[in-house]
Amino acid sequence: MKPRKLQRNFYARDTATVARELLGKHLVHVDGGIVRRGRIVETEAYVGPHDLAAHSSKGITPRTKIMYGPPGFAYVYLIYGMYHCMNVVTEPEGHGSAVLLRALEPVAHLENNTKGPGLLCRAMGIDLRLNGHDLLSEDLYLEDAGEDATFAIAQRPRIGVDYAGEWAEKPLRFYIEGNRFVSRK
DNA sequence: AGGATGATATCC
DNA sequence: GATATCATCCTC
């Protein structure tokens with residue numbers, strides 16, 4: 001099976017399903033001519049405005065309008081003043097959902113730590129300039145690398161969302177069981 | 001356990 | 001305009 005770029009219809013589906021199926025896919029960023037590539041090993045689903053852990057629960061604001069936009073675009077934000085986090089927008093336009101990419105296994109031109117959403121973005125060269133970027137572009141996209149997805153998938157509560165009440169407990173974090181590049185057990 | 005560090009939302 | 005908060009990470 002040849003590598004192929006994930007198309008709009010991949011993203012335009014149930015958010016938890018997309019989060020699970022992104023495991024094993026490749027994230028590619030052509031960063032100043034350097035093609036950085038990592039294999040996704042950990043994700044989290046933020047399923048919509050009713051999800052109190054999701055930024056979209058604030059409604060449509062200048063920041064969250066990307067989450068409410070069409071699927072297959074990058075939602076990038078700055079957290080704690082020093083780290084960026086990258087999401088992919090899911091479901092039909094207007095839904096307000098996305099999948100956070102939490103950890104990568106290095107494949108090409110990733111010199112630094114990729115275990116955790118902030119470190120992932122730093123290693124990939126991803127920052128606010130890529131907020132709203134189309135993932136069907138030539139310089140930032142996700143790809144089915146054609147591997148057989150035989151790995152076991154773990155499903156656990158999300159990290160860093162204790163403020164979200166019952167939504168903090170929902171098992172919307174997915175990772176490849178046993179992979180050494182997962183950010184936390 | 002606490003600090004770095006800046007965008008964002010939500011007040012006045 | 002001021003302030004509280006933050007989907008993190010590092011060091012102690």
Side-chain angles (χ1 to χ4, degrees), chain A residues 11 13-23 25 27 29 31 36 38-69 71-91 95-106 110-133 135 140 142 153-176 179-185:
Chain A
Y11 301 104
R13 298 179 296 152
D14 170 77
T15 305
T17 301
V18 174
R20 188 184 302 106
E21 293 191 9
L22 280 177
L23 297 176
K25 302 295 191 290
L27 173 64
H29 181 208
D31 181 17
R36 305 193 194 278
R39 178 175 177 252
I40 297 169
V41 299
E42 181 181 358
T43 61
E44 283 179 359
Y46 290 84
V47 301
H50 56 295
D51 175 359
L52 296 183
H55 292 168
S56 57
S57 66
K58 297 285 186 186
I60 300 177
T61 69
R63 177 199 212 188
T64 64
K65 68 178 188 232
I66 301 294
M67 270 187 94
Y68 281 94
F73 285 77
Y75 168 45
V76 181
Y77 62 91
L78 182 69
I79 188 69
Y80 299 108
M82 42 173 65
Y83 295 102
H84 297 273
C85 291
M86 175 178 168
N87 301 250
V88 303
V89 176
T90 60
E91 312 222 25
H95 193 94
S97 51
V99 172
L100 171 68
L101 305 182
R102 281 197 60 91
L104 298 177
E105 178 175 336
L110 291 180
E111 312 295 328
N112 299 316
N113 194 343
T114 52
K115 297 167 60 171
L119 297 176
L120 177 160
C121 284
R122 195 176 68 181
M124 285 292 291
I126 290 166
D127 60 28
L128 281 180
R129 293 172 300 178
L130 289 169
N131 189 31
H133 202 85
L135 296 175
L140 183 68
L142 283 78
I153 296 175
Q155 193 169 348
R156 296 265 157 40
R158 295 170 293 184
I159 295 196
V161 295
D162 292 344
Y163 59 86
E166 63 180 79
W167 281 94
E169 302 166 24
K170 300 201 181 281
L172 291 171
R173 173 175 174 244
F174 302 89
Y175 61 86
I176 296 179
N179 188 282
R180 65 170 279 221
F181 294 98
V182 171
S183 67
R184 294 158 65 169
K185 285 238 163 181

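We name chains A, B, ... by the order of the sequence lines, and we start the count at 1 in each one.
In this structure, A:Ile126 places its CD1 atom 16 Å from P of C:dT8, rounding to the nearest Å. Atom NZ in A:Lys115 sits about 10 Å away from atom P in C:dC10, given to the nearest Å. Summarising the geometry, the separation between NZ on A:Lys65 and C1' on B:dT8 is reported as 13 Å, rounded to the nearest angstrom. Rounded to an integer number of Å, the gap from CZ of A:Arg158 to C1' of C:dT8 is 16 Å. Separating the CD1 atom of A:Ile60 from the P atom of B:dT10 is a distance of 13 Å, rounded to the nearest angstrom. In this structure, A:Asp127 atom CG and B:dG6 atom P are separated by 14 Å, rounded to whole Å. Atoms OH (A:Tyr175) and P (C:dA7) sit 21 Å apart, rounded to a whole Å. The interatomic distance linking A:Tyr46 (OH) with C:dC6 (C1') rounds to 12 Å, in whole Å.
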Q. Is there a side chain to side chain contact (heavy atoms under 4.5 Å, CB included) between A:Met124 and A:Leu104 once you walk through the steps?
A. CA-CA 10 Å; A:Met124 285 292 291; A:Leu104 298 177; 3.7 Å; yes
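Among the protein residues, A:Arg63 comes within range of the sugar-phosphate backbone only, with heavy atoms under 4.0 Å from sugar or phosphate atoms but none that close to a base.
Projected onto DNA chain C by closest heavy-atom contact, A:Gly160 and A:Asn113 fall at different nucleotides, the more 5' of which corresponds to A:Gly160.
Within the 3.5 Å criterion, the main-chain N or O of A:Thr15 finds no donor-acceptor partner in the side chain of A:Thr90.
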Q.
Taking Watson-Crick (N1-N3 plus N6-O4 or O6-N4) and G-U wobble (N1-O2, O6-N3), each under 3.5 Å, can you produce the dot-bracket string of DNA chain C? Use [ ] for crossing pairs and | for inter-strand ones.
A. ||||||.||||.
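Distances from the side chain of A:Val161 to the nucleotides B:dA9, C:dA7, C:dC10 place C:dA7 closest.
Residue A:Val182 comes nearest to A:Ile176 through the heavy atom pair CG2-O, 3.7 Å, listed as atom of the first residue, atom of the second, then distance. When every heavy atom of A:Tyr163 is checked against every heavy atom of A:Leu52, the shortest pair comes out as CE1-O, 3.7 Å. What you find for A:Ala53 and A:Arg158 is that their closest heavy atoms are CB-NH2, 3.5 Å. Residues A:Leu100 and A:Pro117 approach most closely at CD1-CB, 4.2 Å, considering heavy atoms.
Contact annotation: A:Arg102 side-chain N/O to C:dT8 OP1/OP2 distance is under 4.0 Å.
By the 4.5 Å heavy-atom criterion applied to side chains, A:Val161 and A:Arg173 are not counted as neighbours.
Interface residues of residues 76-89 of chain A facing DNA chain B, ordered by number: A:Leu78, A:Tyr80, A:Gly81, A:Met82; criterion, heavy-atom separation under 4.0 Å.
The ring pair (Phe, Tyr, Trp, His ring centres under 6.0 Å) test with A:His55 singles out one residue from A:Tyr46, A:Tyr68, A:Tyr77, and that residue is A:Tyr77.
For A:Arg184, the CZ atom counts as loosely surrounded, since its 6.0 Å shell holds 12 or fewer non-hydrogen atoms of other residues, nucleotides or ligands.
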